[in-house]
Amino acid sequence: CRAGREAAGPHPAFDALEKAATRWAGTRCELSGSPSDCEHADGDRLQMLRLSCDSGHAEACMRAAPLVPADGGGQGDRDLRDDLLRRAATLRRKACGGGDGSACAKLADMAEVGEGLPRSRASARRHLKHAVDLFWRSCRDGDGAACMGGYDLLGDLVSDPSLEKRLLKRAAEIYEAGCAERSARACFKAGQVHANLASTPPEAVRWFKQACALRHHSGCSSAKETD
């Protein structure tokens, strides 16, 4: 199970091309001050993201949609935006069905606001519940990030106080074990988990101090703030 992994992002090669195109177009816009040159900045990014979307990367489709002109673009632009969002939903649905909890969670967001698929709170709740289930499976298998990812998804749409505690308890076990192996990041994460567990402040501070001793800057600042 890969619930805690982001499996639907743009391909690194396209991501690099998009960034390069953005930097070049932005520089050209800044130097010339020409409205036409400035308009090309988003156009170049849109072109790169559409190529990545065509290759099956949902996040590229989502990032491309807002770059399509919203005002005065005509029906063709509206159709293009809708198509990009629908394709993102299709790709995320496939990834969600393959066990990607992050894709399920993003599908829930789309259903809640009606982007790329019909607006439906019930559908959003169903996708989110599936995401939480997938994160919990990865959490049980020892993925601390999945534990916290599942915990962060619980709320108004999907509420389960018992599961919240289990996710945090398992995350604490994972990060405490990593801290015992002298991982500064694991010590810091253990402190964050204990802060969420509403433990007594000294318990969270203890882990933050261990992170600080291993030269984790945020661990040092968190220890001071929590103590």
Side-chain angles (χ1 to χ4, degrees), residues 1-10 15 56-63 65-66 84-179 183 185-199 203-204 207-208 218 222 226:
C1 178
R2 295 171 55 82
R5 308 291 191 267
E6 179 54 69
D15 214 16
H57 303 290
E59 293 311 304
C61 304
M62 290 299 297
R63 283 158 55 181
L84 288 165
L85 291 171
R86 282 194 298 268
R87 290 165 69 184
T90 298
L91 291 165
R92 283 177 171 173
R93 190 178 291 111
K94 181 179 179 180
C96 176
D100 183 345
S102 295
C104 299
K106 290 172 181 176
L107 203 56
D109 289 339
M110 297 181 78
E112 192 167 17
V113 299
E115 282 190 337
L117 64 169
R119 185 173 184 175
S120 167
R121 191 170 175 82
S123 178
R125 183 180 292 109
R126 185 175 66 255
H127 290 309
L128 195 60
K129 179 64 169 61
H130 189 194
V132 171
D133 289 344
L134 289 169
F135 275 108
W136 171 234
R137 292 179 202 173
S138 290
C139 174
R140 285 183 305 181
D141 290 341
D143 186 339
C147 300
M148 298 310 295
Y151 172 78
D152 289 341
L153 292 177
L154 292 170
D156 293 337
L157 274 180
V158 178
S159 178
D160 189 336
S162 174
L163 180 56
E164 280 188 14
K165 292 179 181 177
R166 280 180 282 149
L167 285 161
L168 289 175
K169 183 179 179 181
R170 181 62 178 137
E173 293 171 351
I174 294 166
Y175 289 129
E176 287 170 16
C179 185
S183 165
R185 179 179 177 278
C187 297
F188 176 67
K189 289 290 185 182
Q192 288 184 314
V193 172
H194 279 286
N196 281 313
L197 274 168
S199 308
E203 185 66 15
W207 296 103
F208 286 140
S218 296
S222 295
T226 314

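Positions are given from 1, in the same order as the sequence printed here. Note that the coordinates shown come from a computational prediction; the quantities given were computed from them, not determined experimentally.
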Let's go through Arg87 and His57 carefully: what are the C-alpha distance in whole Å and the side-chain angles of both, what is the deciding distance for side-chain contact (heavy atoms from CB on, under 4.5 Å) to 0.1 Å, and is it a yes or a no?
CA-CA 9 Å; Arg87 290 165 69 184; His57 303 290; over 6 Å; no
Under the criterion side-chain contact (heavy atoms from CB on, under 4.5 Å), I'd like the reasoning laid out for Val158 against Leu153: C-alpha separation, chi angles, the key distance, then a yes or no.
CA-CA 8 Å; Val158 178; Leu153 292 177; over 6 Å; no
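The two residues Cys179 and Ala186 have their closest heavy-atom pair at N-CB, 3.5 Å. For Ala131 against Gly101, the heavy-atom pair with the smallest separation is CB-O, 3.4 Å. Nearest approach of Ile174 to Cys147, heavy atoms of both residues: CD1-SG, 3.8 Å. Closest approach of Ala111 to Ser123, counting heavy atoms only: CB-OG, 4.0 Å. Between Tyr175 and Gly144 the shortest heavy-atom distance is OH-C, 3.1 Å. Ser138 approaches Ala146 most closely through the heavy-atom pair CB-CB, 3.6 Å.
Rounding to the nearest 0.5 Å gives a distance of 5.5 Å between CG of Leu91 and SG of Cys61. Note that the OG1 atom of Thr90 and the CG atom of Leu117 stand 9.0 Å from one another [nearest 0.5 Å]. In this structure, Thr226 OG1 and Trp207 CH2 are separated by 15.0 Å, a value rounded to the nearest 0.5 Å. Here the straight-line distance linking atom CG of Leu134 with atom CG of Asp100 works out to 8.0 Å at 0.5 Å rounding. Going from atom CH2 of Trp136 over to atom CG of Asp143 covers 12.0 Å, rounded to the nearest 0.5 Å. Atom CE of Met110 sits about 10.0 Å away from atom NE2 of His127, to the nearest 0.5 Å.
With sequence neighbours left out, the side chain to side chain donor-acceptor pair (under 3.5 Å) criterion links Glu176 to His194. Partners of Arg121 by side-chain contact (heavy atoms from CB on, under 4.5 Å), not counting sequence neighbours, listed by chain and number: Glu112, Arg125, Asp156, Leu157. Partners of Leu85 under the side-chain contact (heavy atoms from CB on, under 4.5 Å) rule, at least two apart in sequence or in another chain, are Met62, Ala65, Glu115. In this structure Phe208 satisfies the ring-ring contact (aromatic ring centres under 6.0 Å, His included) test together with Phe188, sequence neighbours excluded. Applying the side chain to side chain donor-acceptor pair (under 3.5 Å) test to Asp133 and every residue at least two apart in sequence or in another chain returns Lys129.
Heavy atoms of other residues, nucleotides or ligands lying less than 6.0 angstrom from CZ of Arg93 number more than 12.
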Throw together a table of side-chain donor-acceptor distances under 3.5 angstrom for residues 163-172, partners on residues two or more places apart or in other chains.
| from | atom 1 | to | atom 2 | distance (Å) |
| --- | --- | --- | --- | --- |
| Arg170 | NE | Cys139 | O | 3.4 |
| Arg170 | NH1 | Glu173 | OE1 | 3.2 |
| Arg170 | NH2 | Arg140 | O | 3.3 |

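Taking 4.5 Å as the limit, every side-chain heavy atom of Leu107 sits out of range of all side-chain heavy atoms of His130.
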